[in-house]
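Comments concern the structure below.
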2 protein chains.
Amino acid sequence: MHPSTVSRALDPARRGRIGEPVVRRILEAAERLGYRPDTVAASLRSGRSNMVGIIVPDIANPVFSPIIGGLEDVLSARGYALIVADPQPQRTGADDIVQRLVARRVDGLVLANVALKDNSIERCLSWKVPVVLVNRAEAEARVPSVVSDDVAGMRLAVAHLLELGHRHILHLAGPQMLSTGSLRRRGFVEAMHEAGFTPADNDIEEAEAFTREAGRAAALRLLARQPEATAIVAANDLLALGIYEALRETGRRCPEDLSVIGHNDMPLVDLVDPPLSTIRISHREMGEQTGQLLLDLIEGVRGDAPYVVTAPLLVVRRSTQPPRISR
Amino acid sequence: MHPSTVSRALDPARRGRIGEPVVRRILEAAERLGYRPDTVAASLRSGRSNMVGIIVPDIANPVFSPIIGGLEDVLSARGYALIVADPQPQRTGADDIVQRLVARRVDGLVLANVALKDNSIERCLSWKVPVVLVNRAEAEARVPSVVSDDVAGMRLAVAHLLELGHRHILHLAGPQMLSTGSLRRRGFVEAMHEAGFTPADNDIEEAEAFTREAGRAAALRLLARQPEATAIVAANDLLALGIYEALRETGRRCPEDLSVIGHNDMPLVDLVDPPLSTIRISHREMGEQTGQLLLDLIEGVRGDAPYVVTAPLLVVRRSTQPPRISR
DNA sequence: TTGAAAGCGGTACCAT
DNA sequence: ATGGTACCGCTTTCAA
């Protein structure tokens, strides 16, 4: 039979232009022969690969894996495959990876790497590859992005502590080169201002990484400087767990001596001791939204560059309580 | 210039057959023009795509994400891209996904889905796609696999408890349709036998899933049946955390009333209350080994089907202690 | 060591 | 509504 006809019959979108019985016969034959269209050949000719790449700093990070999951879900439902790439700083930079993915003709790219400054975005822009940022925003907003509303999240955290009666609230910030680190710091300051407080520089300490160990070290510095404070807002849960360690080391108890609130609501923080109060972010949903956005972009449904912001949720557990009446 | 020459000059493997100065000129020109070879066209002609697919049941599962990470690492170092696919049971079966990946001409496939019986393996075998299983073994061993040594792991757990003085040890097993569930149950029984004990059927209870909730429910059943026991070996950490909940509900304390040991050493189990003793499995390393194995298979370095077994490690924390002398 | 030619397996475009 | 044809961009085989 005639190749063009077969090609059309097999593509649901173009099937309409073909006679019913012909389509049926072709489908039947394809089934019988176990025919599988070759995606590679199709890509070569059509220029579309039906593949999307995602660049993540660390697949095992509990923040990124649900994002990948949600993204994959949306993509595969529309026939796209997802390539994950995990740049090894010692080997390949992020923008080398962009090149490799573009060489594979991916139809779009998701950037989940959190560095505030890197030129992967420029690379994509100059190659005209549809891109969306996830869990990371860009100041200029040249590119669509999906992020949690960090200001709102910080507002929730601050409001919660204020309501409990805390007045001297500290912030354990994340690295300021990372998008979430700086966004949340800004969110904290803004939320405090809205509530009528002006956090001093001394009330904020920056951790060198989003890890327990860095959180512990930074918390030690912060607590030494501000022993009077009654509560800390951490820029993420790992940092909050680091605060736990610092408290234990300095003989303080949470929440009796100090209330601690995290950010992300990562798995198992409800089981640590004490169960961590935190701000829940639905990373999986962010992944899904990212997928939708990217597919719309790829398929030209929308030309603008929306800036999706998802709403966070306060989760109160047992690491926050009213400050002691003492003093 | 002449396409074949360029092609050869750009491929490090075939560069030797080309004159030095020519190679230099070509490389220079390629650089200057920003030339990127088109991977898709290359795939079409050569039949190799330099892509590998992995099928996982759940990307966000702390067991699978490090496996993916290790795998991606090894693959990308050798120029392969990794496609992750996450079958949605309600939408696409695992072997439909295999088909889709094969249509994309993946050079190899990693199966991380844990069901003991499914026909993806047959599919791959009949299509002659190189496959390796990870975190899952096959009874017939027709296909190479990378698994943790569950018998050894259980032996470590049992030996540890025995050494502490426990004599009545229970097992909270995982679902027996899953590879790890049945392997670990077998490992437990075997380890007990080696130590001179014969666990009764009554000493083992099967959880319906590898979740905290299923662990809690199963633990409740098991404890009601065997109130005299002093220790439980759980088939994984999540199940062990479920046991914690069951203990709390029934007014028992861990480790005073009952020692609990998990399996996997997933992130944060060192921070729960009490810190969980467990068997550490290096999932990332398993991912790396899987990558090596698959690449060897793809590139024909080895024709046999090795069965890689990685060694687990006992991690003692605070959920295990000697049984009470009472009674 | 280099050049020439022939496709890989589809899809897009044009003709009918 | 269907058939014909060119061609996507590279690799491979064969010839020079």
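Proteins come first, then strands; the chains are lettered A, B, ... in the order of their sequence lines, and each starts at number 1.
- Comparing atom distances between the A:A42 side chain and each of D:dT12, C:dG10, C:dA12 picks out C:dG10 as nearest.
- At its two ends the helix from C:dT1-D:dA16 to C:dT16-D:dA1 runs along axes set 30° apart, each axis drawn from five pairs and the angle rounded to 10°.
- Listed for the A:N135 side chain is no donor-acceptor partner under 3.5 Å among the backbone atoms of A:V147.
- B:L44 has its CG atom 11 Å from the P atom of D:dT11, to the nearest Å.
- Rounded to an integer number of Å, the gap from B:D11 CG to D:dC10 C1' is 12 Å.
- As rounded to whole Å, 18 Å separates atom P of D:dC8 from atom CG of A:D38.
- Distances were taken from every side-chain heavy atom of A:V22 (C-beta onward) to each of D:dT2, C:dT11, D:dT12; the shortest belongs to D:dT2.
- One interatomic measurement links the two molecules: CG of A:L10 to P of C:dA12, which rounds to 14 Å at whole-angstrom precision.
- At least one donor-acceptor pair closer than 3.5 Å links the side chain of A:Q176 to the backbone N or O of A:G174.
- In this structure, the side chain of B:T39 engages the main chain of A:A103 through a donor-acceptor pair within 3.5 Å.
- Atom CZ in A:R45 sits about 7 Å away from atom P in C:dA12, given to the nearest Å.
- Put simply, the side chain of B:S65 never gets that close to the backbone of A:S65: no donor and acceptor are under 3.5 Å apart.
- The base of C:dG3 lies close enough to the side chain of B:R8 for a donor and an acceptor atom to sit less than 3.5 Å apart.
- Here B:T5 does not reach the OP1 or OP2 of C:dT2: none of its side-chain N or O atoms lies under 4.0 Å away.
- Distances shorter than 4.0 Å separate none of the side-chain N or O atoms of A:S4 from OP1 or OP2 on D:dT2.
- Taking atom CZ of residue A:R48 and atom P of nucleotide D:dC8, one finds them 16 Å apart after rounding to whole Å.
- Mapping B:E20 and A:A41 onto DNA chain C via the closest heavy atom, the residue that lands nearer the 5' end is B:E20.
- B:L111 has its side chain within reach of B:I121: a pair of non-hydrogen atoms, C-beta onward, lies under 4.5 Å apart.
- Of the possible polar contacts, none joining the B:R15 side chain to the B:E20 backbone as a donor-acceptor pair under 3.5 Å is found.
- The side chain of B:Y35 contributes no N or O atom lying less than 4.0 Å from OP1 or OP2 of D:dG9.
- Rounded to a whole Å, the CD1 atom of B:I26 is 14 Å from the P atom of C:dT1.
- With A:R14 contributing its side chain and A:S7 its backbone, the two residues share no donor-acceptor pair below 3.5 Å.
- Here the P atom of nucleotide D:dC10 and the CZ atom of B:R36 are 12 Å apart, to the nearest Å.
- Between A:R15 and D:dA1 there is no side-chain polar atom (N or O) within less than 4.0 angstrom of OP1 or OP2.
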